[in-house]
2 protein chains.
Amino acid sequence: MTPTQTPDITHPARSEERLSSGGQAVLDVAAGLFAEKGYDATSMSEVARGAGVSKANVFHHFRSKHQLYLEVIREACRDSSAALRQGRVSGSTVTEQLSAFLAHHLDTLLRREQVSRLVVREVMESSPEGGKELAEQVFFEGFSELVAIVREGQESGEFRRDLDPALLAHLIISTNVFFFQSRNVLRHFPFVDFADDPRRFVKMAGDLLFHGCLTAPSAEASSGTVGHPSLPVNPQEKVHD
Amino acid sequence: MTPTQTPDITHPARSEERLSSGGQAVLDVAAGLFAEKGYDATSMSEVARGAGVSKANVFHHFRSKHQLYLEVIREACRDSSAALRQGRVSGSTVTEQLSAFLAHHLDTLLRREQVSRLVVREVMESSPEGGKELAEQVFFEGFSELVAIVREGQESGEFRRDLDPALLAHLIISTNVFFFQSRNVLRHFPFVDFADDPRRFVKMAGDLLFHGCLTAPSAEASSGTVGHPSLPVNPQEKVHD
DNA sequence: TTCCATACTGACCGATCGGTCAGTACTATT
DNA sequence: AATAGTACTGACCGATCGGTCAGTATGGAA
């Protein structure tokens with residue numbers, strides 16, 4: 001699968017350098033195609049055609065198909081990571097912060113659907129070694145921050161102390177990513193009505209997660225009804241804004 | 001991508017029929033290869049070689065590469081679905097039932113790693129129409145049952161009545177599937193110590209989910225049901241606000 | 001003007017892909 | 001013995017794949 005690795009003499013496309021406009025066009029087209037059709041199903045001729053250049057020119061900018069793919073992944077992850085971080089600002093409570101994070105994260109996933117699928121695919125198919133690279137170079141920052149927020153919530157007494165912060169962080173990501181992944185299937189279950197309403201989903205899921213990690217779930221007077229098992233029938237309790 | 005659809009005259013490999021031993025061998029090999037390397041990266045010659053037959057013989061048993069793939073998916077899902085259902089038996093409490101389900105489901109995912117990845121991949125890449133097929137023909141039964149269990153828990157007063165049963169069911173699947181998917185990345189985060197301990201993970205995650213959906217999370221005298229919290233800190237201790 | 005690196009091209013390469021086909025070997029029925 | 005249907009094969013096909021190469025156009029530094 002890996003081609004003969006010529007030592008890249010006179011090859012301009014190094015990892016960090018800025019690309020010429022032609023190279024950037026190629027990269028953009030490739031990102032779209034890889035995301036939409038996957039690695040194997042995307043041909044270099046197709047990329048070239050899409051970018052309006054010759055195939056040989058694509059190989060002029062990128063050493064090989066694989067390197068082009070890596071470059072696409074790199075860029076995609078950079079964007080995705082940056083988008084995640086900016087969800088931090090809002091909210092006084094940690095619960096609110098995480099709530100905002102959930103919403104923003106899912107919104108990002110859905111808005112950048114193709115790239116998201118690309119990244120998720122990369123995570124799923126990653127070998128143990130490849131996983132290490134991804135963990136260290138791509139996801140560490142964002143995930144660390146999430147964990148830090150959870151810890152903050154624990155120290156302030158807002159969250160239970162007996163749970164693993166990383167676990168909650170993982171479950172938060174999990175909630176969104178799996179929703180993103182399974183939408184197309186989920187939508188067709190008759191008893192599922194949130195598949196096409198990400199905002200409602202995120203609210204409900206957040207509610208479910210939080211009342212599992214809040215220190216005092218019984219003390220929530222606002223909705224007032226979480227309490228006692230002896231209560232017969234509760235009128236449909238909505239999670240309101 | 002789809003080849004010319006010849007109307008399958010004299011072609012023995014119909015969907016429901018039992019396969020000859022040769023055909024089954026081909027299918028088994030194909031399942032392994034598709035799961036390991038994906039659709040495109042698996043060649044029919046490879047399948048043939050692996051099964052110890054000629055390539056022409058593979059095409060004798062299966063109309064096309066795509067049909068072979070579908071057959072593999074069908075079988076994989078059948079197994080997976082059956083494995084899910086048998087987790088039902090145990091547990092008097094609904095909480096215990098779901099707990100057992102979580103453990104059994106994740107165990108199945110991990111034990112049949114390749115096939116699981118195949119199915120997950122199929123879900124993720126499914127088009128809206130393909131998703132409908134999957135929902136109706138593959139996952140409906142298992143998912144319905146999960147939802148039914150949750151509903152049961154609500155009616156018995158064990159679970160909050162104000163949450164969507166399908167949402168909890170979805171989150172349960174989500175928890176396991178995303179763990180399964182992200183293991184190779186997760187493992188490399190320094191503050192994550194559950195990535196290689198699925199049983200512990202499932203216990204912790206279950207605890208988190210349940211205390212979010214139990215009606216009376218404050219009245220947790222029953223420490224035996226969910227299992228012991230792994231961290232030696234006080235559970236559910238209301239620290240000050 | 002000369003020089004040289006870079007952007008770019010069309011034609012081409014060997015390999016491999018999914019799939020076909022004519023033909024053989026092996027039954028089981030008539 | 002003849003027939004018929006199935007399992008199976010090797011040789012082959014056109015298409016497409018990733019990648020190469022010789023060569024041209026361009027533009028800035030000498």
Side-chain angles (χ1 to χ4, degrees), chain A residues 1-30 33-34 36-73, chain B residues 1-14 16-31 33-34 36-73:
Chain A
M1 208 169 234
T2 24
T4 16
Q5 200 78 330
T6 46
D8 84 276
I9 315 172
T10 74
H11 223 295
R14 312 289 286 169
S15 47
E16 291 297 345
E17 298 174 16
R18 208 82 301 267
L19 292 161
S20 64
S21 64
Q24 186 62 45
V26 168
L27 197 137
D28 290 342
V29 170
L33 289 174
F34 280 140
E36 185 188 348
K37 320 174 40 171
Y39 182 83
D40 292 292
T42 299
S43 75
M44 293 299 264
S45 322
E46 210 172 353
V47 172
R49 203 182 317 127
V53 299
S54 70
K55 192 174 66 161
N57 187 25
V58 175
F59 281 98
H60 170 71
H61 288 294
F62 302 92
R63 211 176 287 113
S64 66
K65 185 184 185 183
H66 186 71
Q67 200 226 345
L68 173 57
Y69 181 68
L70 288 185
E71 223 73 54
V72 166
I73 292 283
Chain B
M1 208 170 238
T2 24
T4 15
Q5 200 80 330
T6 47
D8 83 276
I9 316 171
T10 74
H11 224 295
R14 312 289 287 169
E16 290 297 343
E17 298 173 16
R18 209 81 303 265
L19 292 161
S20 64
S21 64
Q24 186 62 46
V26 168
L27 197 137
D28 290 341
V29 169
L33 289 174
F34 280 141
E36 186 187 347
K37 321 174 39 171
Y39 181 83
D40 292 292
T42 299
S43 74
M44 293 300 263
S45 323
E46 210 172 353
V47 171
R49 202 182 316 126
V53 299
S54 69
K55 191 173 68 163
N57 187 25
V58 175
F59 281 97
H60 170 70
H61 289 293
F62 302 92
R63 211 175 287 111
S64 66
K65 185 183 185 182
H66 186 70
Q67 200 226 346
L68 173 58
Y69 182 68
L70 287 185
E71 224 72 53
V72 166
I73 293 282

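All chains are named by letter (A, B, ...) in the order of the sequence lines, taking the proteins before the strands, and each is independently numbered beginning at 1.
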Which one, D/dG10, C/dG19, C/dG10, comes nearest to the side chain of A/Ser54? C/dG10
Looking at five pairs on each end of the helix from C/dT1-D/dA30 to C/dT30-D/dA1, what is the angle between the two axes, given to 10 degrees? 10°
Measure the spacing between [atom1] of [X] and [atom2] of [Y] and express it to the nearest 0.5 Å.
X: A/Glu71; Y: A/His66; atom1: CD; atom2: NE2; answer: 11.0 Å
X: A/Leu27; Y: A/His61; atom1: CG; atom2: NE2; answer: 10.5 Å
X: B/Ser43; Y: B/Lys55; atom1: OG; atom2: NZ; answer: 8.0 Å
X: A/Phe62; Y: A/Leu70; atom1: CZ; atom2: CG; answer: 11.0 Å
X: B/Leu68; Y: B/Leu33; atom1: CG; atom2: CG; answer: 9.5 Å

Within 45° cone and under 6.0 Å: B/Lys65 NZ/CZ vs B/Phe59 ring: no
When the ring planes of A/Phe34 and A/Tyr39 are compared, do they come out parallel, tilted or perpendicular, using 30° and 60° as the limits? parallel
Polar atom pairs (N or O), protein with nucleotides 13-17 of chain D, under 3.5 Å:
from, atom 1, to, atom 2, distance (Å)
D/dC17, OP1, A/Ser43, OG, 3.4

Examine D/dA7: is either OP1 or OP2 under 4.0 Å from a nitrogen or oxygen in the side chain of B/His60? Give yes or no. yes
For D/dT9 and B/Asn57 - does any side-chain N or O of the residue sit under 4.0 Å from the phosphate oxygens OP1/OP2? yes
Could you tell me how far apart A/Phe59 (CZ) and C/dA11 (P) are, to the nearest whole angstrom? 18 Å
Between atom NE2 in B/His66 and atom P in C/dG19, what is the gap in whole Å? 10 Å
